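So the structure is just underneath, and the comments pick up after that.
Just so we're on the same page: letters track the sequence lines, and every chain starts at 1. Just so it is clear, the model here is predicted, and its values are computed rather than measured.
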Amino acid sequence: MKAKNFLVEAGLALIASLLFAGLVSAQQPQPTPSDDQVNAIARQLYCPVCENTPLDVCPTTACAQWRDLIRQKLMEGMTNQEIKDYFVEYYGARVLGAPPAAGFYWLAYVVPPIIILAGAYVLLRALRSWKKTTSPPENPPPQTLSPPPQETGKNEYIQRLEDEVRRG
Amino acid sequence: MLADLGYGSLIITLFISIYGASAAYFGSRRGKPAWVDSARNAMLLTFPLLTITTLSLLYLLVNAHYEFPFVSQVISNTMPATLRITALWAGQAGSLILWSWLMSAFACAVMLRKWDRDREFLPWVIVVTLVTLAFFLIISIFVENPFLRYWQSPAGSVVTAMFQPGGMQLFAPLNGNGMDPLLRHPGMILHPPMLYLGYVSFVIPYAFAIASLVTGRSDDRWIRITRRWALVAWLFLSLGLVLGMWWSYGVLGWGGYWNWDPVETASFMPWLTGTAFLHSVMIQEKRGILKQWNMLLIILTYCAVILGTFLTRSGIASSVHAFLQSALGPLFFIFIGLTFIFSLWLLIKRWNDLKSTTEMTSLFSREALFLLNNLLFVGFFVVCFWGVMFPIITDAVGSIWQKLPALSNLFTIQKIDIRSDYYTLPAALLSAGLILLMGLAPLSAWKSSTFKTLARAAIKPFAASLLLVPILLLGGMRSWVAILGFWICGFATLVTLNEFWRAARARHRAQGESLPVALWRLAGKNRRRYGGYIVHIGVVLMAIGIIGTKVYTTETQQTISQGGEITLGQYTVQFESLSAFNTSDGRNIARAVIRVSKNGAYVGELYPRRDYYYESQQAVTIPGVRSTLADDLYIVLADWQPLSTTSATFKVYHNPLVNWLWIGGFFVFTLGMLWAAWPERESQAIPFRKPVQLTREMNGP
């Protein structure tokens, strides 16, 4: 019985010491992040005040303070994403390098590809319709110095080049 | 007095421009050549008149006439005369005068050409050019007048006005604000004039295009006349853009050269449509197709030129509200809207006349590949246009949205800025596609290429370029983006160089000329083709620089004491000393001495510094840069202890291959474009000597 009590007490003591150790370690401050660690996050954010200047290179005092804020958040144990979210929450989505793909801002990502794909579709249709109207000639006239490397192409190339050489 | 002369010239030029445009229109409509000749003389007069305006403004700047707000805003007592001259384009009012002056110079130059063959174009070229010029003059006179003066009342209040208000005296501050220190860099001194030269040069092809539409001509005469104008415009625009990048790299102290700032992007847009136009006109010249498309491209380029100028100048990029508060905004919108609608209306009216006389026969012909190239360029333009306009749209829509509670409860819309991250992927994909096409297009033939012939032509350079991949892997490269990018560059280079080699060798065999002579004469015979190929090499070199910096740039920032070291890759930099001192031109310079070693061997000293300008209370970071063909070591003095100067913070960048960007962008582009645009001599017949030998060679054994 005594042995059993001893084991229970020892177990409880072990758990308590582990918990205490955990608490102590959690309360210990993180090492001060280096400038490079701060800049790695600051590079992805833009100065909310200066126009179009990444936070890592902005020389203003305000930006230096925002970099200090990033350092502080890193010391508090926040992740990169959490720090970015923090900045977005306080200063708006304009601090990001690209607009969030949500709500009205979706249009930023959707419109150019739609226009380009529509252009590609129109181009393809136009090319196909043009192609249908006439069939390729049997012996196309020489038009360029760049030949298709088949026999007829080489002859065209030579013909063209010889013409050119003849002209001087 | 000289200011009055300059202002008077400006006013007279506006009247003359309006008269010239009206006379040309009237003369053309009523069939009165004397009116058109009068309009031509009016257009010739704009240049000397605007030269008087520009010179008088320069006089005010050089002699520090601070009674003019424009002068007092851009110069100061400590600025040397050379910088005071460049201050002309440091402010909005002066840069608009520069725009008009360059426009008048080009208008004058185009009037001096022989018009015998193209007399019908003349009145409409005058109308378009003078209407454009008149628009800028109206802005200079009514919105951004550089000749306004300060006037002081007896009570001490100061107002600005052109003419003396009652009871007020002329007021001249003792000193000016001085030019923004960031603009005192050779790159920024040359960048605006180059960009403006590119802008105004593109007005000339547009004027001829409109003249062609109005007169109902459906041939490619307008393209042939303006070919050199477009090439020169493209060169100036390219040099302007690269100078802007060089300035950004040299003075902003962030280790980069292009940040997709709205103003940068706006100046890139006419380059994109202009480059598409330069390629597309070749199809019309060779095959007589895409006439409507070329019209549309030059209209887009013209509108992008006006848009580019005003996005820089109007403040629209920063805030739609600031834009609307300025009179510049509505004027700009009206002008660009009217010109675009009018140009499109003309194009639609002539749409059927411009239908192609021949048809496209193959999806793999050179013209089809050029069309694909056009799609990518215009796609790039769409991305840039949308990126530049989106902040303005969100700003405007957000303002309206807030007033609608039912909708604003669903989600909020705030002004959002579009920055570099947005452009990275589309820019990389579209650029890769364009460079790949640059390699493929020379292998295809006009009209006749099929998939089979194109594949056969491409297989050898494709296989040879693939050898680059194991070489890069053996060299330690692991980034698939860089490997793919360098491979595409290698493929395009191989094809381009092979074009030179194959033709020069054939000529060498046929004519018995030495290879260099054969190459020289061959390239001289078809300047546009070989000039274009040289430009393609320039593009590849720029791409190599961009890939090198985007994929392999490394950086670190550390605070070190004197004698301390920072290691970055193969480089070690040692902080030797830091000194701060004043200069006679009103600067306080903090300058560090850095000892640089590479792989343990001393390679030199660098002097990163920060210049503080007392007058404007602005600081400029000047990096210390060690440049080689392989890389740049770029050191920025980020911070330091002001009193003891015993420790300082440095930001060190290692930028591999960055100098290929400048080599390609400055030297190779210029060489290629000058080669392409150089006037060709009439060809002389020479005897044809060895056709049999040539044929054997080309047919192979």
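Residue contact with chain B, scored on non-hydrogen atoms closer than 4.5 Å, involves the backbone and the side chain of A:Leu107 alike. B:Lys651 touches chain A through its side chain: at least one heavy atom from C-beta onward sits under 4.5 Å away, while N, CA, C and O do not. When heavy atoms are compared at a cutoff of 4.5 Å, B:Thr621 does not approach chain A at all. Residue A:Val122: no heavy atom, backbone or side chain, is found under 4.5 Å from chain B. Of the atoms belonging to B:Val397, it is side-chain heavy atoms, and not backbone ones, that fall under 4.5 Å from chain A. Looking at B:Trp254, both its backbone and its side chain come within 4.5 Å of chain A, counting heavy atoms on both sides. Only the side chain of B:Ile393 has a heavy atom closer than 4.5 Å to any heavy atom of chain A. Both the backbone and the side chain of A:Asp36 have a heavy atom closer than 4.5 Å to some heavy atom of chain B.
Between the side chain of B:Arg419 and the backbone N or O of A:Leu96 there is at least one donor-acceptor pair closer than 3.5 Å.
When each of A:Gly97, A:Ala120, A:Ala102 is checked for heavy-atom pairs under 4.5 Å with chain B, A:Gly97 comes out on top. With respect to chain B, the highest number of heavy-atom pairs below 4.5 Å among A:Pro99, A:Ser34, A:Pro100 belongs to A:Pro99.
One finds the CG atom of A:Asn39 at 8.5 Å from the OG1 atom of B:Thr556 (value rounded to the nearest 0.5 Å). Considering CG of B:Leu425 and OH of A:Tyr109, their distance stands at 10.5 Å, rounded to 0.5 Å.
In terms of heavy-atom proximity, A:Pro112 sits nearest to B:Tyr422 at CG-OH, 3.6 Å. Nearest heavy-atom pair across A:Ile116 and B:Leu375 is O-CD1, 4.0 Å. Nearest heavy atoms, B:Thr649 versus A:Asp35: CG2-OD2, 4.0 Å.
The aromatic rings of A:Tyr105 and B:Phe390 stand perpendicular to each other, their planes meeting at an angle above 60°, with 30° marking the opposite boundary.
Atom OH of B:Tyr423 has more than 12 neighbouring heavy atoms from other residues, nucleotides or ligands inside a 6.0 Å radius.
Under the 4.5 Å side-chain criterion, counting only non-hydrogen atoms from C-beta, B:Glu555 is in contact with A:Asp56.
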Step by step, would you call B:Val378 with A:Ile115 a side chain to side chain contact (heavy atoms under 4.5 Å, CB included)? CA-CA 10 Å; B:Val378 174; A:Ile115 295 175; over 6 Å; no
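Residues satisfying the ring-ring contact (aromatic ring centres under 6.0 Å, His included) test with B:Phe650, not counting sequence neighbours, are B:Phe575.
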